[in-house]
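Here's the structure we're looking at; comments come further down.
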Protein chains: 2
Amino acid sequence: MLTTMAWDTEQTKRKLKDAAVAEFAAHGPGGTTMERVARRAGVNKERLYNYFGDKNSLFATVLADELNKVAAAVPLDHLDGPDAVADYAGAVHDYHAAHPELTRLLLWEGLAGLPRVPDETTRTRYYQAKVDTFARAQRAGLISDTLPPADLAFLVLALAGWWYAVPQMARMTHADAPGDPRAALRHAARRLAQPG
Amino acid sequence: MLTTMAWDTEQTKRKLKDAAVAEFAAHGPGGTTMERVARRAGVNKERLYNYFGDKNSLFATVLADELNKVAAAVPLDHLDGPDAVADYAGAVHDYHAAHPELTRLLLWEGLAGLPRVPDETTRTRYYQAKVDTFARAQRAGLISDTLPPADLAFLVLALAGWWYAVPQMARMTHADAPGDPRAALRHAARRLAQPG
DNA sequence: CTCATCTCCAACGTTTACGTTGGAGATGAG
DNA sequence: CTCATCTCCAACGTAAACGTTGGAGATGAG
């Protein structure tokens with residue numbers, strides 16, 4: 001077995017972080033127990049404290065990791081029209097559909113109600129880059145400029161994220177008609193961006 | 001004092017429920033302790049169990065109460081055009097702004113990830129009534145019918161609710177420009193409903 | 001071979017919350 | 001006045017999770 005041939009602390013950390021993502025997404029910071037994280041990872045609980053400190057530090061670490069992943073997976077540096085906005089909304093939705101943990105981590109974080117979140121300045125820059133992309137497209141006349149760019153960017157993310165924020169509401173509003181969330185939010189995003 | 005003149009079990013229940021709403025909204029079902037609820041209400045902890053059973057029952061009770069309140073406070077039985085949709089979105093936003101507890105309770109509930117929520121059939125009827133209102137307005141040609149009515153209703157609620165779901169994201173996207181959430185979401189809602 | 005490092009295991013003391021119970025005082029209907 | 005009801009208070013036993021510790025086995029660099 002390769003795993004017995006050598007110490008691989010990176011792999012151990014990775015296994016712990018993967019388990020932590022799953023547990024935190026499922027149960028939140030408050031409902032997650034360090035013991036379950038360790039057990040899920042197949043690693044001893046003591047390793048968690050040794051590598052990541054206490055529970056809050058672990059949560060901050062895994063959330064930062066997941067944010068880096070989505071930043072890399074769903075880039076946005078150019079918008080040439082309403083269809084590009086729809087494409088972006090669709091890509092965000094697809095990422096969330098494939099990785100529902102991220103939205104849930106963000107929701108847990110939001111519910112915690114802290115005045116500032118970890119890495120707030122870095123994350124602010126990240127969001128401001130998105131806002132700037134919308135602003136540039138507006139100045140170029142490629143998309144509607146009747147909404148401030150920050151609002152437009154934020155509301156496009158709302159269209160994509162709300163399904164995962166309140167799945168019970170989605171289930172009840174769509175009780176009679178399953179529908180196609182992806183198509184709906186793409187259409188809505190395009191409408192928000194349509195000039196004229 | 002009036003309060004010492006007679007037993008008023010309804011007032012005692014009310015005080016406990018009000019305290020429970022505040023605690024559950026702030027800390028969620030998992031993070032809330034029965035002791036703190038009782039202390040905040042100025043009532044003995046034992047009363048909680050006597051009146052409402054265990055913690056899960058208490059949560060279900062207060063959430064049902066809050067849903068009844070919003071249903072009464074923000075009715076929707078007729079839509080005569082895109083401006084009416086904007087008005088509805090604005091009213092939903094105003095209610096959430098005045099009672100942030102409701103969104104938070106719904107988010108905690110959603111994160112719990114139960115296959116069914118308490119009172120699901122009643123609540124489904126409530127949402128379906130909203131969807132029907134959108135559907136009627138579409139059939140009458142008063143608002144756009146390019147989105148299924150369930151999607152349109154759901155996404156309007158998304159525009160109003162996302163601000164409270166991920167306040168940290170709102171803070172970061174709007175770091176450079178405070179803006180006016182209410183005006184933005186009204187504008188967006190009108191756009192989604194605009195025919196043609 | 002030696003030794004610093006990585007890891008597991010088992011148990012620790014502490015804290016916190018659950019849901020319950022027994023006893024006692026206050027109230028108002030009959 | 002009597003008694004069923006409402007309420008407070010203090011403490012209970014149980015369970016769970018926190019973060020830590022001491023001891024011991026495995027690994028591989030030097």
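Everything quoted here is computed from the prediction, not taken from an experiment. Proteins come first, then strands; the chains are lettered A, B, ... in the order of their sequence lines, and each starts at number 1. Just the heavy atoms: all of them, side chains too, but no hydrogens, waters or symmetry mates, feed the values below.
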Output the rounded distance in Å from [atom1] ([X]) to [atom2] ([N]).
X: B/Gln11; N: C/dT27; atom1: CD; atom2: C1'; answer: 15 Å
X: B/Leu58; N: C/dA17; atom1: CG; atom2: P; answer: 16 Å
X: B/Leu48; N: D/dC8; atom1: CG; atom2: P; answer: 10 Å
X: B/Arg39; N: C/dA17; atom1: CZ; atom2: C1'; answer: 12 Å

Taking NZ, NE, NH1 and NH2 as the nitrogens, is one of them in [X] or [Y] under 4.0 Å from a carboxylate oxygen of the other?
X: B/Arg104; Y: B/Glu101; value: no
X: B/Arg123; Y: B/Glu109; value: yes
X: A/Asp145; Y: A/Arg139; value: no
X: B/Asp18; Y: B/Arg40; value: no

What contact category does A/Gly30 fall into here, base, sugar-phosphate, or nothing, at under 4.0 angstrom with non-hydrogen atoms?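 No contact.
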At under 4.0 Å between heavy atoms, how does the protein contact nucleotides 10-24 of chain D? Give one character per nucleotide, 5' to 3', with B, S or -. -------SSBBB---
Any pair with a residue in residues 164-196 of chain B that passes ring-ring contact (aromatic ring centres under 6.0 Å, His included), sequence neighbours left out, goes on the list, sorted by first then second residue, please.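 Only A/Phe154-B/His174, B/His93-B/Tyr164, B/Trp163-B/His174 qualify under ring-ring contact (aromatic ring centres under 6.0 Å, His included).
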Measuring from atom CD1 of B/Ile143 to atom CG of B/Asp83, what distance do you get when rounded to the nearest 0.5 angstrom?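 It comes to 12.0 Å.
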Working to the nearest 0.5 angstrom, can you tell me the gap between A/Thr12 OG1 and A/Leu48 CG?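 That separation rounds to 11.0 Å.
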Each base of DNA chain D marked ( ) or [ ] if paired in-strand (Watson-Crick or G-U under 3.5 Å), | if paired to another strand and . if unpaired gives ||||||||||||||||||||||||||||||
Just say parallel, tilted or perpendicular for the rings of B/Phe24 and B/Phe59, cut-offs at 30° and 60°.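 Taking B/Phe59 first and then B/Phe24, their aromatic rings stand perpendicular (interplane angle over 60°).
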